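Some notes on the structure that comes next.
Keep in mind that this is a model prediction, so the values were computed, not measured.
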Amino acid sequence: MTEIIAGIPRSRLDAIARREADRYAASRPKAAIALQQGAGHWLNGVPMHWMADWPMPHLPLVAKAQGAKLTDIDGHRIDDFCLGDTGSMFGHSPQPVAKAIKAQAARGLTYMLPTEAAMEAGRLLTERFGTFRWQIATTATDANRFSLRVARAVTGRPKVLVFNGCYHGTLDDTMVELAGGTTINRAGLVGQVQDLTKAAMAVEFNDLAAVEAALKSGEIAAILTEPVMTNSCMVLPEPGFHAGLRALATQYGALLIIDETHTISSGLGGYTAVHGLDPDMFVVGKCVAGGLPTAVWGMRPSVADRFAAYNETREPGHSGMGTTLSANPMQFACLTATLAEVMTPENYAHMEAGADRLASGLSKVIETHRAPWHVVRVGARVEFICAPGPLRNGTEAHHAHQPEVEGVVHTSLLNRGCLIAPFHNMMLVSPATTDRQIDRLIAAFDDILTDLFPGNEE
């Protein structure tokens with residue numbers, strides 16, 4: 001019996017995978033040689049382990065990036081819709097950020113003291129995201145970690161409530177999942193010896209009844225959530241879900257933490273501003289300083305007051321929060337440049353118009369080829385999902401994920417000059433992305449689906 005994967009016969013998928021892999025390998029000999037020469041110096045041959053998980057026969061090596069274009073060492077110019085998996089959502093090296101880096105580099109890189117730009121950054125953060133008392137971090141993982149420390153401190157409770165399949169960086173507290181309705185450590189965690197369920201509980205996204213049941217335990221210090229589930233197959237909140245989270249958190253005395261690290265794509269101020277959410281704490285990272293490693297986290301004034309009261313009573317000693325290179329002057333130079341000159345209504349309008357064009361074009365291709373797939377968009381962020389939709393929660397997203405099919409599509413797109421995010425099918429439209437680039441991606445996607453679903457056209 002023929003195996004069918006996401007509507008595609010196994011034999012056809014394998015044949016296309018071999019063809020596209022051969023085409024890719026033949027087109028990038030310089031990268032292959034350079035990788036081979038440098039492989040012995042890096043664990044698994046790459047400087048970050050997940051780089052080995054891209055689906056191509058080997059990685060391209062980037063020579064330069066500007067705007068929404070990459071150029072690799074083999075001379076290929078690539079339309080970049082991955083954009084550093086949101087780190088470069090506003091394009092590579094936005095001019096105001098590049099200018100700020102050059103100016104600050106001449107004044108010093110780190111000195112454990114604030115600058116005038118730091119003061120301005122606080123004002124701009126409040127202007128963009130709302131009234132919070134802000135702190136700086138290097139990554140959103142750290143920002144989430146510190147936020148949970150505060151939540152536990154002010155509530156006196158031990159646990160965080162997260163959603164099955166959630167993404168909050170590499171924060172230990174969120175590395176749990178559901179198995180038969182029970183929270184367990186996620187499979188595959190490297191060197192993890194702690195029982196993470198002592199400090200975390202997982203329920204399904206969009207399930208307010210399960211949220212309330214967890215909160216009734218009296219153990220939950222905070223609900224930590226993305227407004228939209230990302231980093232797998234994107235799951236949108238159902239109507240009333242976020243209002244329900246806010247009401248339940250208030251009723252049961254837990255804090256609501258919104259992590260906008262990916263959903264900053266939603267529009268000016270992130271999903272929180274666009275959709276009127278009211279978190280107790282707010283986290284955003286990746287692109288907030290134009291791609292320079294930076295994250296920010298903030299708490300409402302009422303939470304800041306509770307934390308101040310806690311600090312007055314805790315015994316002297318190390319808080320366990322903060323890292324030496326965080327809050328360096330380069331971060332603030334880039335943060336102020338991004339908030340003031342890059343993260344603008346005009347840029348978001350361009351991004352959203354382009355993303356709408358992209359989502360509509362991909363949806364039309366899927367419909368034309370009668371593929372059992374669908375498209376989801378959140379502001380400038382677009383994903384095609386190799387399964388019917390919409391999806392409701394993390395379990396459904398896990399089952400919709402089709403790594404073999406996605407790997408073939410990703411390699412095929414790169415052979416046609418388009419890069420999308422690895423591990424899932426995320427695409428971003430930046431202020432520098434043009435309609436011509438979008439239309440090329442749609443045409444490349446159509447070309448690939450013509451091969452995957454021959455004879456299916458309506």
Side-chain angles (χ1 to χ4, degrees), residues 121-122 124-163 166-169 171-174 199-201 205 211 214-215 219-230 237 241-264 266 269-286 288 294-311 319-323 326-327 335:
L124 290 169
L125 285 167
T126 297
E127 182 180 279
R128 279 285 172 264
F129 299 117
T131 304
F132 297 90
R133 298 294 179 261
W134 298 102
Q135 288 282 272
I136 200 84
T138 302
T139 69
T141 294
D142 276 345
N144 281 316
R145 180 182 296 116
F146 302 151
S147 295
L148 288 184
R149 285 289 192 94
V150 170
R152 287 171 172 140
V154 302
T155 63
R157 299 175 181 179
K159 290 190 175 183
V160 58
L161 182 64
V162 297
F163 294 103
C166 66
Y167 176 71
H168 300 289
L171 181 63
D172 279 355
D173 306 67
T174 65
M201 187 181 300
F205 197 70
V211 171
L215 291 173
E219 297 181 296
I220 304 301
I223 303 167
L224 173 60
T225 186
E226 299 177 273
V228 174
M229 290 195 73
T230 67
F241 178 65
H242 281 298
L245 288 182
R246 177 65 277 171
L248 288 170
T250 300
Q251 180 180 348
Y252 291 97
L255 299 186
L256 178 60
I257 307 173
I258 296 293
D259 180 357
E260 291 261 18
T261 298
H262 279 163
T263 55
I264 189 66
S266 301
Y271 197 99
T272 294
V274 172
H275 295 275
L277 306 190
D278 183 23
D280 297 297
M281 302 182 78
F282 181 95
V283 172
V284 64
K286 290 204 176 183
V288 74
T294 305
V296 294
W297 58 287
M299 59 192 88
R300 294 293 191 193
S302 59
V303 178
D305 290 342
R306 292 170 66 184
F307 187 50
Y310 165 85
N311 266 329
S319 68
M321 297 167 61
T323 54
S326 292
L335 186 59

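- Within the 3.5 Å criterion, the main-chain N or O of Tyr271 finds a donor-acceptor partner in the side chain of Glu260.
- In this view, Arg246 and Asp280 satisfy the salt bridge (charged side-chain N to carboxylate O under 4.0 Å, His left out) rule, not counting sequence neighbours.
- By the salt bridge (charged side-chain N to carboxylate O under 4.0 Å, His left out) test, Arg306 is found to be paired with no residue, residues two or more places apart in sequence or in another chain being considered.
- Between the side chains of Ser326 and Thr323, a donor-acceptor pair is found at a separation under 3.5 Å.
- If you take OG1 on Thr155 and CD1 on Ile220, they are separated by 9.5 Å, rounding to the nearest 0.5 Å.
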Could you please spell out the steps behind the salt bridge (Lys or Arg N to Asp or Glu O under 4.0 Å) verdict for Asp305 and Arg300? CA-CA 9 Å; Asp305 290 342; Arg300 294 293 191 193; over 6 Å; no
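- Contact record, Gly169 with Thr141: CA-OG1, 3.3 Å, taken as the closest heavy-atom pair.
- Here the CG atom belonging to Asn144 is positioned 5.0 Å from the CG atom belonging to Leu224, to the nearest 0.5 angstrom.
- A pairwise comparison of heavy atoms in Phe163 and Val211 identifies CE2-CG2, 3.8 Å as the closest pair.
- Using a 4.0 Å cut-off between a side-chain N of Lys or Arg and a carboxylate O of Asp or Glu, Asp173 and Arg152 qualify as a salt bridge.
- Nearest heavy atoms, Ser147 versus Trp297: OG-CE3, 3.5 Å.
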Show, in sequence, the C-alpha distance, side-chain angles and deciding distance for Phe282 and Thr272, and conclude whether the side chain to side chain contact (heavy atoms under 4.5 Å, CB included) test is met. CA-CA 9 Å; Phe282 181 95; Thr272 294; 3.6 Å; yes
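- Counting heavy atoms from C-beta on, the side chains of Phe132 and Thr126 never come closer than 4.5 Å.
- Salt bridge annotation for Glu219-Lys159: present, with a cationic side-chain nitrogen under 4.0 angstrom from a carboxylate oxygen.
- The backbone N or O of Asp142 sits less than 3.5 Å from a side-chain atom of Thr139, completing a donor-acceptor pair.
- Listed by chain and residue number, nothing satisfies the salt bridge (charged side-chain N to carboxylate O under 4.0 Å, His left out) test with Asp172 (two or more places apart in sequence, or in another chain).
- Leu215 CG to Tyr252 OH: the interatomic distance, rounded to the nearest 0.5 Å, is 7.0 Å.
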